Amino acid sequence: MEMVFRKIEYWIEGPANKQMIQDRETWTRAVYFKKGLKHLIFFGLSFLIANVFLSYIIGVKALTNIITEPVSRHWVGFSAILVFSLVFYLVFAFARELVCTVVCPYGRLQGVLLDKNSIVVAYDYIRGEPRAKVSRHREASAGDCIDCDLCVKVCPTGIDIRNGTQMECTNCTACIDACNMMMVKTGRPPDLIRYDSENNIQSGIKSKWNYRIKFYSVVLVGLLGLMSFFLLDRAPFDTTILRVPGQLLQENEDGTIGNLYRMKIINKSSFTRPYHLVIRDSATVLVYAGKAVDSLASGQGIEEMFFIRRPRETIQERKEIVHLDVYSGAQFIESKKVTFIGQY
Ligand code: SF4
Ligand code: SF4
């Protein structure tokens with residue numbers, strides 16, 4: 001809202017106080033054009049967000065099918081894109097702060113995470129008070145706030161930031177812009193309302209790196225590092241191998257004992273990859289029930305059945321472990337362990 005939609009709105013229609021004046025006056029063609037352009041861009045962005053959101057749920061491939069194939073074949077998917085686009089558009093164009101203050105639980109949660117060192121949109125009451133309107137009778141001891149109420153008028157959630165930090169504040173900074181404009185107009189230094197902490201305002205010291213900010217930064221860098229490691233270390237295949245239940249073992253004419261397994265493989269990478277299994281024990285062989293899979297396309301999942309056969313004389317115990325290595329070409333991916341039943 002603040003980093004994209006509000007920025008576009010300010011870029012097309014100007015800051016909040018200018019928009020208020022413009023909305024009160026009779027709308028000219030230029031105003032209609034600006035508003036139309038804004039809503040068109042808002043809907044376009046909402047459409048993009050809806051596509052990204054849907055691709056997260058159903059996958060990029062399914063979404064590409066919805067986009068490229070005839071609408072008649074994807075009524076549900078197509079309707080979902082439209083409904084999501086409309087919801088995002090209504091949220092960003094109209095509901096806005098109502099979502100932050102009424103719907104979103106994070107807003108409530110954030111309130112309890114703040115303390116006097118938290119950097120928030122804050123009014124410098126030391127400098128601003130006692131507030132007094134600009135007049136001939138204004139006392140010299142009056143503060144910098146000229147009590148114009150512009151910060152209240154432009155606030156989308158209708159609060160008065162001069163009363164201190166409130167849960168309804170979405171940090172949109174409209175009050176900062178409005179107040180700075182008044183400060184410039186009346187020849188006062190800007191930033192009577194600014195990003196700052198309660199303690200900084202009270203002490204008059206500029207905000208600096210405190211221990212908490214340093215600690216959070218270290219935690220954040222650590223988490224980013226961990227996430228990058230997991231992303232880079234992510235196996236391209238998801239392989240599950242289970243012995244087929246119900247059938248204990250097969251005694252073959254060539255003197256080997258066989259167990260039947262079912263394997264499910266999914267290629268989680270973004271491109272086609274070669275695939276094969278290798279059994280570590282040279283005396284043990286792997287016999288596919290059908291044609292062995294040698295490669296998988298991106299996102300493709302398949303199921304395969306195969307036997308593991310071992311010479312009877314190499315079997316020591318009723319239940320033994322067999323190691324299978326998953327390879328993609330020459331690259332080792334992971335090792336799998338399966339149980340092998342060698343005796344009744
Ligand atoms: S108090 Fe200021 S920053 Fe907070 S919501 Fe209102 S205008 Fe936006
Ligand atoms: S906009 Fe600034 S000067 Fe005007 S009332 Fe708000 S804090 Fe005071």
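This chain uses plain numbering: 1 for the first residue, then up along the sequence. Quantities reported herein were computed from a predicted structural model and do not represent experimental measurements. FYI, side chains are in, hydrogens and waters are out, and symmetry mates aren't considered; it's all heavy atoms of this structure. Counting starts at 1 for both ligands and their atoms, following the listed order.
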Arg310 to Phe340 six-membered ring, cation-pi geometry met (6.0 Å, 45°) = yes
When Val326 is tested against each of Ile333, Ile265, Ile241 for side chain to side chain contact (heavy atoms under 4.5 Å, CB included), which residue passes?
-> Ile333
Quick one: does Met182 get a heavy atom under 4.0 Å from ligand 2?
-> no
For atom 6 (Fe) of ligand 2, grab the closest protein heavy atom and report residue, atom and distance to one decimal in Å.
-> Cys151 SG, 2.3 Å
Who's the nearest protein heavy-atom neighbour of atom 8 (Fe) of ligand 1, and how far?
-> Cys172 SG, 2.3 Å
Quick one: does Lys336's side chain have a donor or acceptor within less than 3.5 Å of a partner on Thr239's backbone?
-> yes
Quick check: does Cys155 have an N/O/S atom under 2.8 Å of atom 6 (Fe) of ligand 1?
-> yes
Identify whether NZ of Lys or CZ of Arg in Lys7 sits under 6.0 Å from the centre of the six-membered ring of Tyr10 and within 45° of that ring's axis.
-> no
Quick one: nearest non-hydrogen protein atom to atom 3 (S) of ligand 2, plus distance?
-> Ile146 N, 3.5 Å
Donor-acceptor pair between Tyr123 and Glu129 side chains, under 3.5 angstrom = yes
Between Tyr89 and Phe94, is a ring-ring contact (aromatic ring centres under 6.0 Å, His included) present by the stated rule, with each step listed?
-> CA-CA 8 Å; Tyr89 168 69; Phe94 302 103; 5.8 Å; yes
Cation-pi geometry met for Arg29 and Tyr32 (6.0 Å, 45°) | no
With heavy atoms only and a cut-off of under 4.0 Å, state how Val152 meets ligand 2: side chain, backbone, both or neither.
-> neither
What part of Thr173 sits under 4.0 Å from ligand 1 if we count only heavy atoms: the side chain, the backbone, both or neither?
-> backbone
At a 4.0 Å cut-off, with the gap strictly under it, does some heavy atom of Met183 reach an atom of ligand 2?
-> yes
Which residue holds the protein heavy atom closest to atom 2 (Fe) of ligand 2, what is that atom called, and what is the gap in Å?
-> Cys179 SG, 2.4 Å
Of the protein's non-hydrogen atoms, which lies at the shortest distance from atom 4 (Fe) of ligand 1, and what is that distance?
-> Cys169 SG, 2.4 Å
Are any side-chain N or O atoms of Ser197 and backbone N or O atoms of Asn200, one a donor and one an acceptor, separated by less than 3.5 Å?
-> yes
Which is it for Asn171 and ligand 1 at heavy atoms under 4.0 Å: side chain, backbone, both or neither?
-> backbone
With backbone taken as N, CA, C and O and side chain as the heavy atoms from C-beta onward, which portion of Arg162 lies under 4.0 Å from ligand 2: side chain, backbone, both, or neither?
-> side chain
Between atom CD1 of Ile161 and atom CD1 of Ile159, what is the distance when rounded to the nearest 0.5 Å?
-> 5.0 Å
If you compare Thr165, Val121, Thr170 by their heavy atoms, the one closest to atom 5 (S) of ligand 1 turns out to be Thr170
